[in-house]
Amino acid sequence: MKKILIIEDEKAIAELERDYLESHSFAVEIEGRGDVGLQKAVEGSYDLIILDLMLPKVDGFEICRQIRQSSDIPVLMVTAKKDDIDKIRGLGLGADDYLTKPFSPSELVARVKAHLSRYERLTGDRGAAGNQLHIRGLSIDKPSRRVTIHDQEAQLTAKEYDLLLLLATHPNRVFDKEELFERVWGLESVGDIATVTVHIRRLREKIEHDPSNPQYIETIWGVGYRFKV
């Protein structure tokens with residue numbers, strides 16, 4: 001049975017979410033305080049987290065940021081705020097999805113199932129072949145640093161490969177350009193951060209069927225990039 005943590009300070013909403021999820025055979029735990037929810041999220045063993053944005057003690061943004069330092073489990077943000085800037089910020093911190101209140105409980109259940117399925121599929125691939133990734137026709141062989149797209153080898157430079165591997169091993173997580181630059185080129189690298197944009201463009205030209213309509217590396221406008229699963 002999949003285990004879900006709901007971090008939500010509005011008791012009626014949290015209990016409604018729990019009831020719908022439990023009726024679909026999920027085990028659900030509720031926490032109303034941000035600081036306690038953060039501790040549970042980081043130290044506990046959950047398959048997915050439903051995270052309210054406005055919480056006492058510690059807000060949802062900070063909780064999401066700290067979760068992403070150690071885990072890539074699905075995180076669904078739920079909030080009454082409708083501003084795009086909040087959605088962009090949440091996705092930028094690594095949230096997988098964003099629901100605006102009020103929403104249909106059946107929609108929440110559907111999204112939970114979809115994200116769990118994607119995550120399970122990805123981690124299943126990892127468990128079966130830790131040195132390989134297979135995602136919708138794209139294959140990455142880590143020991144040989146070899147990438148194939150529909151059985152055709154893609155000739156990538158060292159940095160293009162490193163960039164692709166970082167994105168592909170953190171599916172649906174949004175990285176801003178600064179973090180990509182630091183993690184791929186190194187904290188002490190000297191150069192123009194615009195090189196990230198250039199490498200993303202070249203990478204798309206090599207792995208995407210239509211680089212202008214990418215199916216793997218998606219641009220999140222105003223934030224950065226993510227590998228879409």
Side-chain angles (χ1 to χ4, degrees), residues 1-10 13-14 16-18 20-22 24 26-101 103-105 107-124 126 166-176 179 183 218 220 222-229:
M1 182 179 290
K2 298 295 184 182
K3 189 175 180 182
I4 296 173
L5 173 64
I6 297 174
I7 308 178
E8 166 67 71
D9 63 333
E10 294 187 52
I13 292 176
L16 178 63
E17 293 172 352
R18 179 197 61 197
Y20 267 81
L21 290 165
E22 286 183 343
H24 286 79
F26 293 107
V28 181
E29 185 176 339
I30 295 173
E31 178 50 56
R33 279 179 41 171
D35 54 343
V36 179
L38 171 59
Q39 183 177 2
K40 288 183 176 181
V42 172
E43 297 178 359
S45 178
Y46 301 97
D47 297 290
L48 181 143
I49 295 173
I50 298 173
L51 178 62
D52 186 35
L53 186 57
M54 305 302 294
L55 293 163
K57 304 296 182 181
V58 180
D59 67 27
F61 290 130
E62 178 62 18
I63 293 173
C64 185
R65 187 186 69 80
Q66 293 202 36
I67 290 172
R68 283 294 175 254
Q69 290 180 351
S70 59
S71 174
D72 60 357
I73 66 169
V75 175
L76 274 64
M77 275 193 167
V78 175
T79 181
K81 287 194 170 188
K82 297 183 179 179
D83 295 338
D84 284 345
I85 189 65
D86 294 306
K87 181 177 181 179
I88 290 170
R89 185 181 175 194
L91 293 171
L93 289 169
D96 296 278
D97 208 346
Y98 197 101
L99 278 171
T100 303
K101 301 174 185 176
F103 55 84
S104 164
E107 180 184 2
L108 174 67
V109 172
R111 294 203 191 191
V112 165
K113 288 182 175 179
H115 284 289
L116 285 172
S117 177
R118 291 189 189 107
Y119 185 72
E120 192 172 57
R121 186 168 63 247
L122 178 78
T123 53
R126 288 176 183 168
L166 174 61
L167 291 167
T169 52
H170 296 83
N172 295 323
R173 175 182 171 183
V174 181
F175 289 89
D176 61 33
E179 185 175 3
R183 294 184 64 166
E218 181 180 30
I220 306 299
V223 183
Y225 305 97
R226 71 176 175 183
F227 194 94
K228 183 170 60 176
V229 174

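All figures in this text were calculated on a predicted structure; none of them were measured in a lab. Computed over heavy atoms, backbone and side chain alike; hydrogens, waters and symmetry mates excluded.
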Checklist entry - For Leu99 and Glu107, which heavy atoms make the closest approach, and how far apart are they? => result CD2-OE2, 3.6 Å
Checklist outcome for this item: Value for CG (Leu21) from CG (Leu48), rounded to nearest 0.5 Å, stands at 8.5 Å
Checklist entry - Where do Tyr20 and Val28 land on the side-chain contact (heavy atoms from CB on, under 4.5 Å) test, with the steps shown first? => result CA-CA 10 Å; Tyr20 267 81; Val28 181; over 6 Å; no
Item to check | Pair Arg68 + Asp96, salt bridge at N-O below 4.0 Å | outcome: yes
Next on the checklist: Run the side-chain contact (heavy atoms from CB on, under 4.5 Å) test on Phe227 and Thr169 for me, step by step, so that the C-alpha distance in whole Å, both residues' side-chain angles and the decisive distance to 0.1 Å come before the verdict.
Outcome noted: CA-CA 9 Å; Phe227 194 94; Thr169 52; over 6 Å; no
Checklist entry - Which heavy atom in Asp52 sits nearest to a heavy atom in Val78, and how many Å separate them? => result OD1-O, 2.7 Å
Next on the checklist: Nearest 0.5 angstrom please: Leu76 CG to Asp97 CG, how far?
Outcome noted: 5.0 Å
Checklist entry - Taking all atoms of both residues into account, what is the closest heavy-atom pair of Ala41 and Ile7, and its distance? => result CB-CD1, 4.5 Å
Next on the checklist: Taking Val229's backbone N and O only, do any of them form a donor-acceptor pair with Asn172's side chain (distance below 3.5 Å, no angle check)?
Outcome noted: yes
Checklist entry - Can you tell me how far CD of Glu10 sits from CE of Met54, rounded to the nearest 0.5 angstrom? => result 11.0 Å
Checklist entry - How close do Arg33 and Asp35 get, heavy atom to heavy atom, and via which atoms? => result NH2-OD2, 2.6 Å
Checklist entry - Can you name the nearest heavy-atom pair linking Leu166 to His170, along with the distance? => result O-ND1, 2.9 Å
Checklist entry - Got a second to check how far Ile6's CD1 is from Arg18's CZ, nearest 0.5 Å? => result 8.0 Å
Checklist entry - Between Ile4 and Asp47, does a side-chain contact (heavy atoms from CB on, under 4.5 Å) hold up when you go through it step by step? => result CA-CA 6 Å; Ile4 296 173; Asp47 297 290; 5.6 Å; no
Checklist entry - How far does CD1 of Ile67 sit from CD1 of Ile49, to the nearest 0.5 angstrom? => result 3.5 Å
Next on the checklist: Arg111 vs Tyr98, test: side-chain contact (heavy atoms from CB on, under 4.5 Å). Steps then yes/no.
Outcome noted: CA-CA 10 Å; Arg111 294 203 191 191; Tyr98 197 101; 5.9 Å; no
Checklist entry - Of the non-hydrogen atoms in Cys64 and Ala95, which two are nearest, and what is the gap between them? => result SG-N, 3.6 Å
Item to check | Spacing of CZ belonging to Phe26 relative to CD belonging to Glu17, to within rounding of 0.5 Å | outcome: 13.0 Å
Next on the checklist: Given Tyr46, which partner from the list Lys3, Lys40, Lys2, Glu29 fulfils the side chain to side chain donor-acceptor pair (under 3.5 Å) test?
Outcome noted: Glu29
Item to check | Student check: side-chain heavy atoms of Leu108 and Ile50 closer than 4.5 Å | outcome: yes
Checklist entry - Any side-chain heavy-atom pair from Ile30 and Glu8 closer than 4.5 angstrom? => result no
